[in-house]
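Scroll down for the structure; my scribbles are underneath it.
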Amino acid sequence: MTDRPTAVVTGASSGIGAATARALAAEGFHVVLGARRMELLEQIATEIDGTALPLDVTDADSVEAFVAAISTCRLLVNNAGGAKGLEPVATADEDAWRWMWEANVLGTLRVTKGLLPKLIESGDGHIVTMTSIAALEPYDGGAGYTGAKHAEAMIHRTLRGELLGQPVRLTELAPGMVKTEFSLVRFGGDQDKADAVYQGLTPLTAADVADAVAWAATRPSHVNIDLIVLKPRDQASAMRAHRQG
Ligand code: 8X3
């Protein structure tokens with residue numbers, strides 16, 4: 001048992017999720033970390049005195065078991081998700097699209113639905129959803145991901161109205177270029193392609209994004225930070241960046 005408020009972070013085994021778990025623990029939360037890679041998850045949980053639980057957001061049974069293992073929840077960070085491929089619509093891969101829809105859209109829906117009663121019950125709930133600048137604009141080759149991120153954002157933004165009158169805040173985080181495993185996953189493990197995304201500029205780090213989550217989560221209860229868009233100084237939009245050399 002702990003008297004710290006509970007924060008649940010999905011996709012917490014690496015990148016923005018892991019950095020967010022660390023930042024929230026530093027702010028006094030007991031963090032429940034969910035992800036598929038248990039070894040990594042348990043290392044981080046031990047480091048921050050949190051709790052690691054297996055979670056595959058694309059699997060309804062896994063989400064159900066995850067939610068059942070959580071007794072209280074004051075803050076939920078919907079971070080699990082990602083992109084697969086960068087093909088134009090003309091050659092879109094349906095399996096990649098299906099996965100992106102499952103992970104980003106239905107995954108966020110399942111976890112949010114499951115934890116909503118506990119967030120309300122806490123009397124001071126907060127849902128942070130990690131969308132992307134891909135939830136704000138289209139870009140070439142990105143339709144599978146931008147479509148899924150727009151849909152995920154709509155779940156989140158719809159709740160902002162549906163939960164009026166309930167003690168739950170909603171914050172959407174929309175990062176641009178952040179150097180994590182994101183591009184490595186998108187390009188199926190091709191390190192050269194992943195590195196090229198960040199070449200010639202200084203991308204955001206996972207800690208930069210986590211810092212924004214921690215800030216939003218520690219404002220007074222009556223203050224709702226609706227949307228934070230973060231990009232590197234050298235990035236104006238998904239398709240427009242300044243690169244050295
Ligand atoms: C990641 C940002 O621009 O690669 O969500 O879609 S982008």
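Computed from a predicted structure; not experimentally measured. All ligand and atom numbering here is 1-based and tracks the order in the structure. These numbers come from the heavy atoms of this one structure, side chains and all, not from hydrogens, waters or symmetry mates.
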With no hydrogens and no angle check, do the side chains of [X] and [Y] hold a donor and an acceptor under 3.5 Å apart?
X	Y	answer
Asp56	Thr58	yes
Glu152	Thr108	yes
Asn79	Thr20	no

Any heavy-atom pair between the side chains of Thr10 and Leu55 that's under 4.5 Å?
yes

Provide the closest heavy-atom pair for Ala196 versus Arg243 in the form atom of the first, atom of the second, distance.
O-NH1, 3.7 Å

Between Arg98 and Glu102, is the closest basic N to carboxylate O distance under 4.0 Å?
no

Would you mind listing each N/O atom of ligand 1 next to any protein N/O under 3.5 Å, plus the distance?
{"from": "ligand 1", "atom 1": "5 (O)", "to": "Ser132", "atom 2": "OG", "distance (Å)": "2.6"}
{"from": "ligand 1", "atom 1": "5 (O)", "to": "Tyr145", "atom 2": "OH", "distance (Å)": "2.8"}
{"from": "ligand 1", "atom 1": "6 (O)", "to": "Tyr139", "atom 2": "OH", "distance (Å)": "2.7"}

